[in-house]
J.: 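One structure is given below, represented as structure tokens, and several questions about it will come after.
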Number of protein chains: 2
Amino acid sequence: MSDGKPARPTMEDVARHAGVSQMTVSRVMSSKGYISEKVRDKVLAAARDIGYVQNRLARGLRSEQTPLIAVVLPTLGNTVFTDVLSGITDALTQNGYRPVFGLTEYSETREETLVRDLLSWRPSGIVLTGLEHSETTRQAIRASGVRVAEIMDVDGPAMECAFGLSQKAAGQHTARHLLGKGHRRFAYAGSQNGQDLRAVKRLEGFRQTLRDAGAVMISEDVSTAPSSMVEGRRLTADILSRADQPDAIYYASDDLAAGGLMHCLSNGIDVPGTLALAGFNGLPFLNALPLQLTTVETPRYEIGLQAGRFLVSDQAQEALPDGCVDLGFTLIPGQTC
Amino acid sequence: MSDGKPARPTMEDVARHAGVSQMTVSRVMSSKGYISEKVRDKVLAAARDIGYVQNRLARGLRSEQTPLIAVVLPTLGNTVFTDVLSGITDALTQNGYRPVFGLTEYSETREETLVRDLLSWRPSGIVLTGLEHSETTRQAIRASGVRVAEIMDVDGPAMECAFGLSQKAAGQHTARHLLGKGHRRFAYAGSQNGQDLRAVKRLEGFRQTLRDAGAVMISEDVSTAPSSMVEGRRLTADILSRADQPDAIYYASDDLAAGGLMHCLSNGIDVPGTLALAGFNGLPFLNALPLQLTTVETPRYEIGLQAGRFLVSDQAQEALPDGCVDLGFTLIPGQTC
DNA sequence: CTGAAAGCGCTAACAT
DNA sequence: ATGTTAGCGCTTTCAG
């Protein structure tokens, strides 16, 4: 035996060992068509004996469909997306599908190349983050004919079906809550240099509600770094170092808000007496903080689950209002405002 | 035009539009062999015009290799593994590879079926968690000829190459630290019903060091639930409700330890005066706690990065002592012991 | 219920 | 520098 090429066994080999035709092996493997109990057992035994592993590339090529779902996420460095990915994976796994994924790092250009690349695997569906995509991306997807699920956002038209929440409404809701507590002078702290389009929409909703109520946004600080507690702490220190002091800070995320809270605790700033704080996402680590942070909880896992289920379901979804499934959000009052 | 089948363009179509042979298109697409500047541009233009997307299934089938790496992780519900996955993804992406992954939920049986399934995509490499795998799994991998990287653990023989840290040494190190602070009566709190084999190894190292020092382990509580702060809090309350009180608790993870810390703070238990606490992993959320938790920081991202790089590097790794790359760990002293 | 033939879209190996 | 031929391992289609 030359070991230059291990030569993985094919259906042909299984067929020879079982004394049947290769086609019969194919039928047994994919449980398609009628096969006698006897032959099936014989084939399965032969397959096990010689260590047969089916070749999905060949199957996919011939049948023009694969149990693959492409997943395009901005990053894995944010619990939000790993939660969503968990949901997607669970939904897919339950139906025999597998995720193949790639990360954009919030770049539209990277999304374009990534989508093209992922599409070359001929997946039967694709998950995209957000509602904003370049025309190139849209065309590639349309041309490929794969099903699309967009996640996180429902404020706008979906290509096919979107699963998420109204980011704008979340911002508005938080603003109303803060206003209801008597706060009037606000500051905003964000990260990622505004590349997170969902955060931008929340901010817009927040601003709008402030405007309607005649309250003012004193400052908006957005760092270029990714969201983190350290960054939140720094931003907060910055904001409070200026002459014009806010009585509430709205953060783009819980990490930032938690960092802000740390700054206040360390510097003896009374929360929420002197300064109110509000975050976004409702991440579990908030339970580890000495003060329950006011935030908006999002159904991250559920979003992934439903998006995944949508892509692997065989019947087309009933016509939805505007192709969006709003999974809502919950404001968690907390003790910081 | 019948829209029953969109009929995605093939290299044949591109060739026709560019007025060259199909093989020339193939050469342009894979940048293989010599192609004149002129022809290359013509082909690329034609491809763009008709919206050609290469078919990797066909390519993989014919060339008997794919830029796919199978990744088998226990869960995504633990930051540890999403950090590792980040590292893997970064390493792969930089080299044009893609991850296809599946989750075992800590079940060896699920690992077996998952590996078989993943192997059917003919990946060129596979990442496995831990050093313990069933004989079936090992055989399937050996037969397939893919490269294997095992992650997290280096206490034992690797199939090919392992990237991680000595879990046992981490347990011993923590024990020594606790003993050095004068603690003598210990309790252990774990989760996941002992299915996390790395946690079991840490506990063994911890126990051994206690034994050698003549200290005692009063109790070992392991819940069946996944690791979480809530669970840690519950376990801690349980441990402290008994007659025999420990002066230090060693937790299987930071989540559990943080929950324990919350219990102490809420119940006025002096930490570390009355009770010392130590966790494991060095997760970033610890910075949000009012007290810096003593823990052992692990190079999670780095583990993923190196494992990924190993799998996509073309030259075989130099012979390593026992096939393991120990990326070490760092004890973070903290204020809880 | 089982088999034979054809071919999915691409690349390896050989031409030229 | 470009073209021709063959065939990867499977499923589709059509026969029995």
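Naming: A, B, ... by sequence-line order, numbering from 1 per chain.
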J.: With Asp90(B), which residues qualify under salt bridge (Lys or Arg N to Asp or Glu O under 4.0 Å), at least two apart?
T.: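 Partners of Asp90(B) under the salt bridge (Lys or Arg N to Asp or Glu O under 4.0 Å) test: none.
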J.: Would you mind reading off the bend of the helix from dC1(C)-dG16(D) to dT16(C)-dA1(D) from its two end axes, five pairs each, to 10 degrees?
T.: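 So the angle between the two local helix axes works out to 30°.
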J.: Decide yes or no for Leu128(A) and Val115(A): does some side-chain heavy atom of the first lie under 4.5 Å from some side-chain heavy atom of the second?
T.: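 Counting from C-beta outward, Leu128(A) and Val115(A) do come under 4.5 Å.
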J.: So that I can tick it off, tell me whether Glu302(A) and Arg309(A) are bridged by a salt bridge, with the cut-off set at under 4.0 angstrom between side-chain N and carboxylate O.
T.: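 A salt bridge is absent here (no side-chain N lies under 4.0 Å from a carboxylate O).
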J.: Can a salt bridge be assigned to the pair Glu160(B) and Arg147(B) using a cut-off of 4.0 Å between side-chain N and carboxylate O?
T.: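 Answer for the salt bridge query: yes.
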J.: Within residues 35-42 of chain B, find the residues that approach DNA chain D with a heavy atom at under 4.0 Å, and present them sorted by residue number.
T.: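 DNA chain D contact set from residues 35-42 of chain B: Ile35(B), Ser36(B), Val39(B).
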J.: Crowded around Arg116(B) CZ? As in, over 12 foreign heavy atoms under 6.0 Å?
T.: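 Atom CZ in Arg116(B) is not crowded, with 12 or fewer foreign heavy atoms closer than 6.0 Å.
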J.: Ser134(A) and Thr137(A): side-chain hydrogen bond (donor to acceptor under 3.5 Å, both in side chains), yes or no, with the steps?
T.: CA-CA 5 Å; Ser134(A) 75; Thr137(A) 300; 2.9 Å; yes
J.: Passes side-chain hydrogen bond (donor to acceptor under 3.5 Å, both in side chains), Arg56(A) versus Ser120(B)? Steps please.
T.: CA-CA 6 Å; Arg56(A) 292 229 196 239; Ser120(B) 72; 3.1 Å; yes
J.: Identify whether the distance between the nearest side-chain nitrogen and carboxylate oxygen of Lys42(B) and Glu37(B) falls below 4.0 Å.
T.: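 Looking at Glu37(B) together with Lys42(B), the answer is no, because their closest N to O distance does not fall below 4.0 Å.
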J.: Parallel under 30°, tilted from 30 to 60°, perpendicular over 60°: which one fits the rings of Phe163(A) and Phe310(A)?
T.: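 Taking Phe310(A) first and then Phe163(A), their aromatic rings sit tilted (interplane angle of 30° to 60°).
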J.: Going 5' to 3' along DNA chain D, which are the first and last nucleotides with any atom under 4.0 Å from a heavy atom of chain B?
T.: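 Contacts span dA1(D) to dG9(D), reading 5' to 3'.
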J.: Kindly write out the residues that satisfy salt bridge (Lys or Arg N to Asp or Glu O under 4.0 Å) with Arg62(A), not counting sequence neighbours, or none if the list is empty.
T.: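 Per chain and number, Arg62(A) pairs via salt bridge (Lys or Arg N to Asp or Glu O under 4.0 Å) with no residue.
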J.: Is the CD atom of Gln65(B) crowded by more than 12 outside heavy atoms at less than 6.0 Å?
T.: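 Check fails, neighbour count at 12 or below.
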J.: Using the 3.5 Å cut-off, write out each protein N or O paired with an N or O of nucleotides 11-14 of chain C and the distance between them.
T.:
| residue | atom | partner | partner atom | Å |
| --- | --- | --- | --- | --- |
| dT11(C) | OP1 | Arg59(B) | NE | 3.3 |
| dT11(C) | OP2 | Ser26(B) | OG | 2.4 |
| dT11(C) | O2 | Arg62(B) | NH1 | 3.0 |

J.: Any Lys/Arg nitrogen of Arg98(A) or Asp117(B) sitting under 4.0 Å from an Asp/Glu carboxylate oxygen of the other?
T.: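 Between Asp117(B) and Arg98(A) there is a salt bridge, with a charged N closer than 4.0 Å to a carboxylate O.
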J.: Set out, in order, the CA-CA distance, both residues' side-chain angles and the distance that settles salt bridge (Lys or Arg N to Asp or Glu O under 4.0 Å) for Asp13(A) and Arg8(A), then state yes or no.
T.: CA-CA 9 Å; Asp13(A) 300 322; Arg8(A) 264 103 92 207; over 6 Å; no
J.: Take the protein atom CZ of Arg56(A) and the nucleotide atom P of dG9(C), then report the distance between them rounded to whole Å.
T.: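 To the nearest whole Å, that distance equals 20 Å.
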J.: For Arg16(A) and dG3(C), give me the distance from atom CZ to atom P, rounded to whole Å.
T.: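 Going from CZ in Arg16(A) over to P in dG3(C) covers 14 Å.
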